[in-house]
Amino acid sequence: MVSAVVSTGEAQAQRPLGAAASDLAIELVKINKRFGPVHANKDIDLKVRRGTVHGIVGENGAGKSTLMSILYGFYTADSGEIRVNGRAEAITDSRYALKLGIGMVHQHFMLVDNFSILENVVLGAEDSALLGKSLTRARAELTRLAREYRLEVDPDAIIEDVSVGTQQRVEILKALYRGADVLILDEPTGVLTPAEADDLFRVLNVLRDQGKTIILITHKLREIMAVTDYVSVMRQGQMVETLKTSETSPEQLAELMVGRRVLLRVDKGAAHPGDTFLSVEDLVVKDDLGVTRVKGVSFSVRAGEIVGIAGVAGNGQSELLESVSGMRDQSAGTVKLKGVPLSLEGDDGAHRARKAGLAHVPEDRQRMGLITSFEEWENAMLGYEDDKAYGKGLLLDINAARAEARERIAKFDIRPTNERLKTANFSGGNQQKIVLAREMERNPDVLIVGQPTRGVDIGAIEFIHNQIIKMRDAGKAILLVSVELDEIRSLSDRILVMFDGQIVGEADPATATEQELGLMMAGIGKEAGK
Amino acid sequence: ADPAIIYDLGGKFDKSFNEAAYNGAEAWKKETGGNYIDVELQNDAQREQALRRFASQGANPIVMAGFSWGTALNTVAAEFPDINFVVIDAVVEQPNVQSIVFDEHTGSFLVGAIAALKSTTGTVGFVGGMDVPIIHKFYCGYAQGAKAVKADIKLIENYTGTTPAAWNDPVTAGELAKAQFDAGADVSFAAAGGSGLGVLQAAADAGKFSIGVDSNQNYLHPGSVLTSMLKRVDVAVSTAFKEAGDDATFKPGVNVLGLAQDGVGYALDDNNAALITDDIKAKVEEFKAKIISGEIKVHDYTADNSCPGI
Amino acid sequence: MSALKPLPRWADIILLPLINLTLAFIVAGLVVFAIGQNPLAALDAIITGAFGSGYNIGYTLYYSTNFIFTGLAVAVAAHAGLFNIGGNGQAYIAGLGVILVALAMQSLPWWLTFPVAILAGAAVGGFWGFVPGYLQAKRGSHVVITTIMFNFIASAIMIYVVVNLLKPPGILAPESASIAVEGRMPKLGTFIPWFKNTDVNFTLILALICLVGAYFLIWHTRFGFAMRALGQNPTATRYAGMSNSRITMIVMTMSGALAGMVAVNQVFGVQYRLVLDYVADAGFVGIAVALMGRNHPLGILLAALLFGALYQGGNELQYVIPGLSKEMVVVIQALVILFTGAMEGLFRPALQRLFSGGPAAARSGG
Amino acid sequence: MDMVVILSTLDATIRLSTPLLLACLAGMYSERAGVFDIGLEGKMLMAAFAAAATASVTGSVWAGLAAGLGISLMTALLQGAAAITLKGNQLIAGTAINMLAVGLTTFLGIQWFAQGGRTPQLKEGERFTEVKLPFADELANVPVVGPIYSDLISGHNILVYIAFLAVPVTWFVLFRTRFGLRLRAVGENPKAVDTAGISVIAMRYQAVLITGLLCGFAGAFFSIAQGSGFGNNMTAGKGFIALAALIFAKWKPVPAMFTCLLFGFLDALQIRLQGVEVGGVQVPVQAIQALPYVLTVILLAGFIGKAVGPKAGGVAYSKER
Ligand SMILES: Nc1ncnc2c1ncn2[C@@H]1O[C@H](COP(=O)(O)OP(=O)(O)OP(=O)(O)O)[C@@H](O)[C@H]1O
Ligand SMILES: Nc1ncnc2c1ncn2[C@@H]1O[C@H](COP(=O)(O)OP(=O)(O)OP(=O)(O)O)[C@@H](O)[C@H]1O
Ligand SMILES: [Mg+2]
Ligand SMILES: [Mg+2]
């Protein structure tokens with residue numbers, strides 16, 4: 001076990017005023033946690049200095065979230081000790097963690113969807129039995145926090161109506177409102193645009209300057225390099241190493257995480273576009289509330305090319321994907337596959353789209369792409385259960401389905417290699433691979449991919465990117481939507497920028513700069529014709 | 001062998017039909033010191049099962065009360081020719097079965113007459129449990145009696161419900177009675193098993209009159225329960241216990257109990273003595289005599305499923 | 001404190017339910033004791049009443065038949081995420097289809113009528129399930145409310161139809177004409193002397209076939225897959241292109257048809273006529289049966305047998321111990337549901353400790 | 001219809017909707033907290049029995065009410081233990097409670113009172129009688145307003161007023177208090193509540209206890225206010241209708257009141273429409289009796305749209321596993 005102590009002879013720039021006996025805000029000693037047979041945390045030691053941003057990286061399922069949940073009192077460790085400001089504390093529940101000044105922004109937001117932002121902030125931190133006073137105070141406080149950290153939100157907006165970026169902000173505001181000294185952020189940028197992520201890091205810097213301690217979990221090494229002071233690497237439940245960020249490199253971190261060398265950039269050859277496979281004409285789509293989210297969009301994707309759609313989340317990309325893939329009814333327009341119009345209306349539109357040769361990797365694998373309570377092999381045929389390969393007539397040939405699932409598990413290196421395991425028990429990256437394997441192995445003409453690497457570790461990202469490119473090179477048409485500008489830029493052969501339900505411009509990934517794209521995504525860019 | 005009795009749905013303490021049967025059995029027990037066995041049905045489908053259970057246990061006679069026994073008894077009686085059966089309210093033609101039926105329509109006629117005589121508003125009500133033929137038989141007799149007194153009397157006819165709960169839903173029955181009172185009625189006749197209690201209570205609360213059924217219910221709300229339409233199931237049961245166990249005294253065939261046999265009638269006791277004036281009593285007794293003599297013919301709804309003139 | 005291991009499968013499936021069942025009987029025994037009766041005598045009466053002889057077993061199986069159907073009806077719907085509280089109404093109204101077919105074909109041999117009666121019961125019961133399914137799929141009405149309402153509507157319709165349309169003149173009882181003797185399906189007792197004089201009939205075999213059929217439907221057909229997918233994640237089925245509305249309607253129809261088989265058992269198999277309220281709340285018992293059987297046909301079979309035994313044994317109880325009325329049986333059933341269904345977790349931690357403690361202790365000892 | 005009939009119908013509407021409303025609000029608390037409750041019926045039945053039995057034995061209506069509330073609370077606690085602490089299936093817990101109530105009330109009733117499970121008829125002082133509001137008599141003769149006030153608004157028993165008072169109280173509790181905020185949150189996203197440092201278990205128990213309390217009032221209404229004694233299964237499926245009303249009202253207090261009033265009105269109307277003729281033909285009484293249910297189905301299919309309940313409803317909360 002490598003100890004996480006980093007000797008830093010030189011004094012930290014900002015030593016908090018009146019620092020207590022220890023300059024360690026948090027110290028974890030020999031933490032162990034098991035979930036049934038899984039040993040999620042093994043003898044973990046971790047020291048976090050006050051007034052620093054401390055990064056934690058590791059593959060999916062390495063035990064990062066578990067460790068932080070223990071620190072936050074959400075889980076209880078099987079053994080080990082937690083010291084806060086040098087004092088051993090038994091953190092039995094989140095209430096006590098909050099009292100100790102520990103706040104956490106969870107990987108999966110802990111927000112009440114149908115509450116207003118104000119109500120979410122106040123929840124659990126009300127100051128009296130009646131709400132009125134608390135809400136008034138919180139409203140004022142939110143205004144102050146917004147000013148101080150430039151974290152603007154509309155207090156009365158309902159969570160389910162606001163973008164994930166805003167939800168993220170609410171989570172941070174929740175922690176700040178409670179006056180957290182130690183702020184844990186678990187993959188906060190997974191769903192943020194680069195601009196939103198930059199905003200977040202600016203806030204983190206302000207907080208650090210005020211003497212607060214921040215623990216940041218992320219899969220994006222760029223972010224680790226940009227904002228952290230220290231970084232700890234976890235692998236398979238163990239703490240591998242803690243390093244000073246300034247003394248390490250992304251390559252080194254990647255290797256420590258995965259245990260092998262990882263190619264951190266996409267390697268692809270030139271595209272050889274062929275016939276137009278997918279064409280979308282004047283598409284108009286409404287969301288569940290009847291609001292028009294896609295306002296007359298036209299574009300086409302040719303065989304052998306990847307077209308990326310860039311845009312800030314919430315500008316109609318989701319509705320566009322759902323509509324083209326047949327999940328959502330369109331109000332107007334046509335979708336053609338190899339020149340043949342697809343009929344997509346009705347609640348089984350996606351079925352007809354698939355039959356016609358259009359596969360879809362959805363943005364939200366857990367909500368749409370998978371039935372997490374099903375076994376892996378069942379998800380491996382979801383959407384294709386009518387296929388001849390899975391039996392005759394009405395009956396399912398379970399053995400055939402399982403055998404096929406096993407083949408794909410091997411081919412896509414899905415771990416664990418057990419097709420009978422409940423899908424919920426696979427890590428996010430592996431869940432993503434299950435979906436990709438299913439959709440790609442059908443050999444569709446057109447593949448629509450939304451957020452392919454959201455929350456996925458770097459090893460898996462590398463694999464997924466390679467698969468997408470392999471498919472392009474096999475002469476398929478690929479439509480890619482991602483909020484990761486890096487991903488769009490490195491994978492796409494053409495970039496379309498979407499803003500407010502319309503395509504506001506097209507760019508060449510080889511020449512367009514991040515600034516240009518950013519401006520277009522904000523709706524300021526020039527109308528770029530061809 | 002011990003005699004046996006099987007109560008119908010509603011249970012032996014329904015304050016009405018089944019309770020009358022129970023009282024008959026108890027009276028027999030007190031009188032003779034004998035022992036009897038009894039059971040309550042859980043649901044409609046258990047009739048044959050219960051009959052066979054007692055028959056194979058050797059109970060004799062087996063008495064059952066209720067209009068739904070016909071088909072089940074017809075089957076089981078044939079299987080156990082050595083056992084005597086007595087069925088109340090249904091007719092089964094088998095050599096070892098005695099069927100006892102009551103002229104509920106004539107008894108109801110009399111209480112209908114009493115209701116009309118007592119009513120000052122010219123409107124009287126009826127609350128039945130479920131819209132089934134036997135309940136119509138009560139209603140039809142009641143209506144004829146009321147019209148015999150006052151040809152233009154207004155009648156309000158209501159039923160509690162459509163599920164078995166209808167026989168045990170005093171709340172709805174009470175609401176029905178309240179609605180009748182609001183609509184001008186001042187007497188309501190409840191032929192609804194346990195639900196009837198709600199009618200009696202509503203009448204007492206509203207200061208109106210009610211009429212009980214089967215057993216004498218006058219004591220429940222003295223001064224408000226006008227009378228009760230008696231159906232002497234108790235007499236039928238104790239007689240059956242006495243006679244049917246022995247082939248010498250057992251009388252198979254149909255036995256109709258009407259006004260003449262005191263099988264049906266109206267209840268008069270201390271609780272309602274003040275309500276039934278001598279005038280009313282005289283009128284009702286006159287009707288009774290005429291019905292017995294055949295001078296007045298009360299139509300039986302179940303004879304042709306109709307109630308002419310109502 | 002180290003993490004507790006999950007229980008071994010056999011303990012989960014057999015030991016735990018057995019402990020819970022025992023607890024239910026102990027609590028029920030306390031109630032019996034409290035009113036001055038002997039609990040052991042009562043238990044003996046129930047067990048003998050349910051299994052003591054061919055006669056008792058025959059009746060136990062007859063009641064179980066009903067519960068298998070209603071349990072399956074609830075379970076099939078539950079797999080698709082639908083809560084069908086309407087088993088009662090579906091089973092009840094299906095009697096119309098069964099009796100009409102049975103009366104129309106009463107001069108023909110029963111084995112010709114039987115399959116047609118099954119189809120008729122399934123069609124009418126299925127229709128009574130389809131409408132709530134349709135309303136949920138197309139109009140967004142909640143299937144729970146609609147099925148509750150349909151239970152009440154069914155009883156209103158039945159009483160009207162039986163009394164006004166089906167009842168032959170001249171009889172008092174609200175019931176239809178009886179099927180002619182030559183058209184009646186013989187009960188199993190005719191062939192198996194053991195079951196003589198009991199109501200168990202060929203519908204039991206139909207119930208067993210339905211159990212197997214449901215098993216295949218749920219886990220071995222494409223539709224079953226779609227149905228379970230819908231039950232787990234309706235967004236994912238939309239993504240997969242399964243028609244949620246179509247599945248909802250089909251499943252509710254199947255569920256209603258299964259409940260409708262109670263009518264075949266009761267009307268064609270036992271009563272030979274249509275009486276009122278022959279369902280006797282089997283639809284509600286079906287909810288408990290399905291939940292306790294964890295929506296698995298095998299579990300449903302066992303739970304239906306348990307409830308059939310309690311029903312029949314409890315029925316006999318009042319003949320043997322007159323002080324213990326039929327309500328005591330309801331109390332026992334409720335306690336069984338409570339302890340083996342809702343409170344099944346009561347002893348799990350203790351058992352887990354026992355099972356995890358065992359090997360560990362052995363290791364440190366050796 | 002003249003004024004008298006209208007008033008009488010509306011008067012009955014209020015009486016008939018009272019137990020529905022109490023039960024519906026009861027269900028609202030636990031369902032808002034994420035505990036589905038199909039055991040409303042059972043708790044009401046238990047309360048109805050306990051209230052009538054106690055009132056009859058002690059001769060005091062208040063003792064009866066207290067017993068009804070007490071038993072209902074205990075039943076709720078039992079159900080809560082199964083559904084919350086032991087993480088049992090909430091539907092099974094409710095079903096068990098319903099069955100237990102049917103069996104136990106009748107069984108004990110027979111043992112104690114030997115009247116087939118009924119309690120003795122309650123006398124004066126053993127049941128709640130009509131409360132005359134101030135000035136009811138004085139205003140009675142004022143046209144229009146008078147009858148409305150003195151017949152319709154005045155002259156109900158106290159539980160009716162409690163039920164209708166419970167509507168604004170519930171609204172206030174749910175939407176204007178800390179308790180309500182946490183309660184609603186726990187039914188939507190218990191994890192969010194847990195991570196905010198609030199005990200999910202404690203919140204759910206509190207909700208379930210309030211449910212018990214309100215079911216206690218509803219049960220008492222049946223046996224010691226509207227009725228005068230307990231009768232077997234006297235709640236007659238009202239718990240399920242209340243559940244339907246709750247869904248119909250989309251788990252909101254004021255719509256719940258209107259829904260219950262609507263159901264009550266349909267029932268009152270049904271009672272008054274029996275025997276009505278349409279085009280010279282008498283409508284079968286069964287058609288009239290089914291009317292409230294048919295209309296509910298039609299309304300639901302026609303106007304209400306999808307009802308989405310509290311998201312975390314129906315599942316026990318557990319951190320791990
Ligand atoms: N609630 C749970 N129940 C059972 N096992 C769990 C649970 N939570 C986590 N685990 C197990 O613990 C391991 C560590 O999970 P954890 O969530 O801490 O990973 P992580 O490092 O946060 O992964 P990621 O990068 O994907 O967020 C997982 O591999 C999983 O097997
Ligand atoms: N209910 C569960 N039972 C067993 N393991 C679980 C359960 N829930 C989560 N896990 C495990 O916990 C690990 C982390 O879970 P988590 O939900 O954080 O997924 P993740 O890998 O972080 O996915 P994402 O990419 O969405 O962030 C997964 O590897 C999964 O195997
Ligand atoms: Mg994680
Ligand atoms: Mg993750």
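These figures come from a predicted structure and were not determined experimentally. Below, chains carry the letters A, B, ... as their sequence lines are ordered, and counting in each starts from 1.
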Please tell me if the side chains of Leu131(A) and Phe179(D) come closer than 4.5 Å, counting only heavy atoms from C-beta onward. no
Give me the atom names and distance for the closest heavy-atom approach of Gly197(D) to Arg95(A). O-NE, 2.9 Å
Quick check on the interface: out of Asp194(D), Asn189(D), Thr195(D), who has the most heavy-atom pairs with chain A under 4.5 Å? Thr195(D)
Which answer fits Ser69(A), side chain, backbone, both or neither, if we ask what part of it has an atom under 4.5 Å from a heavy atom of chain D? neither
Answer with side chain, backbone, both or neither: which region of Leu111(A) has an atom nearer than 4.5 Å to a non-hydrogen atom of chain D? backbone
Where on Asp127(A) is there a heavy atom nearer than 4.5 Å to chain D: the side chain, the backbone, both, or neither? backbone
So do Glu126(A) and Leu181(D) actually touch side chain to side chain, heavy atoms under 4.5 Å? yes
Measure the spacing between NZ of Lys133(A) and CZ of Arg178(D) and express it to the nearest 0.5 Å. 10.5 Å
Between atom CZ of Phe115(A) and atom CZ of Arg184(D), what is the distance when rounded to the nearest 0.5 Å? 4.0 Å
Should the heavy atoms of other residues, nucleotides or ligands under 6.0 Å from CZ of Phe258(D) be counted, would the total exceed 12? no
Separation between CG (Asp93(A)) and CD1 (Ile198(D)), nearest 0.5 Å, reads 11.0 Å
Once you round to the nearest 0.5 Å, how far does CZ of Arg176(D) lie from CG of Leu130(A)? 10.5 Å
If you draw a 6.0 Å radius around CD in Glu160(A), do more than 12 non-hydrogen atoms from other residues or ligands fall strictly inside? yes
Using a cut-off of 6.0 Å, state whether more than 12 heavy atoms not belonging to Lys286(A) lie near its atom NZ. no
When the 4.5 angstrom heavy-atom criterion is applied to Phe172(D) and chain A, the contacting part is side chain
